[in-house]
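The next block holds one structure in the form of structure tokens; read it before the comments.
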Amino acid sequence: MLDILGGVGSRGGSGAAFRSARIASLVAGLAARSSLTAVRARFDGDPAGLRRRSRARNADSLRATLGGMKGGALKAGQLLSTVDSLFPPDPDRTWTEALTTLQETNPPLGWAEVEPVLRRGLGDRWRDSLVEIDTVAVAAASLGQVHRGTWRDGRQVAVKVQYPFAEDVLLADLRALSVSLRLAGVVLPGLLAAPVVDELRLRSGEELDYVHEARAQREVAAAFAGSSEYAVPDVVAAADGVLVSEWLPGRPLVTVAGDTEVERRRVASLYQGFALLAPARAGWLHADPHPGNFRVTPDGRLGVLDFGAVVAMPDGLPPAFGRLVRAFADESTAADAQAALVAAGLIRPGRRVDIKSLRAVMSPFSEPARHEVFAFSPSWLRSCFARDEAARDPDYTAAMGLTLPAEHLMTQRVWLGVIGVLCRLDVTLPVRPVLSELLPGFDVNG
């Protein structure tokens, strides 16, 4: 376990200090390399190539360090892999591709290390309820892992068990990340570090609370009960560090990429729709659109898993977000766009924003909203970032000088994540009619 955790076990202490040192060293190294590249680019005959090579080296360093750590460090990498809007110019998507690998399966802990958590949560007689369990995990993530089992009534269940060190490691990592990112404002030219740290602190803490996760999952499952399109497994039991849900059979969403065009469109439409429907129906935003959290069930429904990252939205999605999307989708004048940002509370007091640059920065999600039907593809997404580089460089932070309340940051993050997955599926879908119907604030006549 010590190898996996980079020195943090149940004893904490020097292990936490070691992890903090690794994170601080990583951030300092990224900042130093980026600063040196910026200077050298002024005199290099191929500045674009120099920046590209520097990004590749930094991305490799980040992946190597965070990939060997669980807890908040790995969670930070996974978050960053889905928040393209917070990144500096990256036309070849070097950072995103590197960080996406952190979303893949991580090595699980051995049964001897997680069984005590199961006993603590369900009691010493836990086998009276969980009559069978596979001691080898079927999936492992940053804060916990999943085992398959059989409940006492015969139902197949998924048993999510939190790592015994999760809380200590998470808090240590968040402290280290907060200090390192805030002090190293040049960690990446243009990276908005503060929103990342704030969101990690808020959302990762909630992901440790399996009772909170169970509540959200139960309410979403109830809201979609009997649906012919969506399947959300109900909660069987929840306790400190343990969450037992009905087993949801199916194949991973990413496998749909190899299906027929008709099937890709059908599943992709369900995936796009769920991000908009869940807040309205259940009052919860599923805030982790990673395809690993979705399945296609044997009867063709879209299965939704993992409600650790959720945002309570009892009134549905914020109308201000819909108005913001509409302002850029309509290609309004700079004055109208500025007014929309002010109305949404997204401009810092006394700050004017470069609307032209901001329009380019937001193009990955505003451009699809401009069309009745839109073709999502990897090449289109790459072209967005290629176009954005000129608009973002050299003053990207000025273009993004916005105040981002948590609900806006999370909603925007989810929608950008959805778009990224749709591009991986390479599908053509209705967009503007769907937003007009389901995104509050988008339909100006609604």
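Sequential numbering from 1 along the given sequence is applied to the chain's residues. Only a predicted model underlies this, so the values are computations on that prediction, with no experimental measurement involved. Because only heavy atoms are used, hydrogens play no part in the values below, and waters and symmetry mates are left out as well, while side chains stay in.
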I'd like to check the side chain to side chain donor-acceptor pair (under 3.5 Å) partners of [X]; sequence neighbours left out, ordered by chain and number.
X	result
Arg265	Glu261
Arg148	Gln156
Arg432	Asp330

Compare all side-chain heavy atoms of [X] with those of [Y] and state whether any distance is below 4.5 angstrom.
X	Y	answer
Trp284	Phe307	no
Glu372	Pro433	yes
Leu109	Tyr163	yes
Leu435	Leu276	yes

[X]: what forms a side-chain contact (heavy atoms from CB on, under 4.5 Å) with it, not counting sequence neighbours?
X	answer
Gln272	Trp415, Leu422, Leu429, Val431, Val434
Leu305	Pro233, Leu248, Arg295
Ser379	Ser377, Arg382
Pro440	Leu317, Pro319

What residues form a salt bridge (Lys or Arg N to Asp or Glu O under 4.0 Å) with [X], not counting sequence neighbours?
X	value
Arg281	none
Glu115	Arg119
Arg301	Asp299

Across all chains, not counting sequence neighbours, the ring-ring contact (aromatic ring centres under 6.0 Å, His included) partners of Tyr230 are Phe224, Phe274
Given Asp240 and Arg120, is the salt bridge (Lys or Arg N to Asp or Glu O under 4.0 Å) satisfied, shown in steps? CA-CA 8 Å; Asp240 181 25; Arg120 185 186 69 224; 3.6 Å; yes
Would you tabulate the side-chain donor-acceptor contacts of residues 252-260 under 3.5 Å, counting partners in other chains and residues two or more places apart, or write 'none'?
residue : atom : partner : partner atom : Å
Thr255  : OG1  : Arg251  : NH1          : 3.0
Thr255  : OG1  : Pro252  : O            : 2.6
Asp259  : OD2  : Arg251  : NH1          : 3.3
Asp259  : OD2  : Arg251  : NH2          : 2.6
Thr260  : OG1  : Glu263  : N            : 3.2

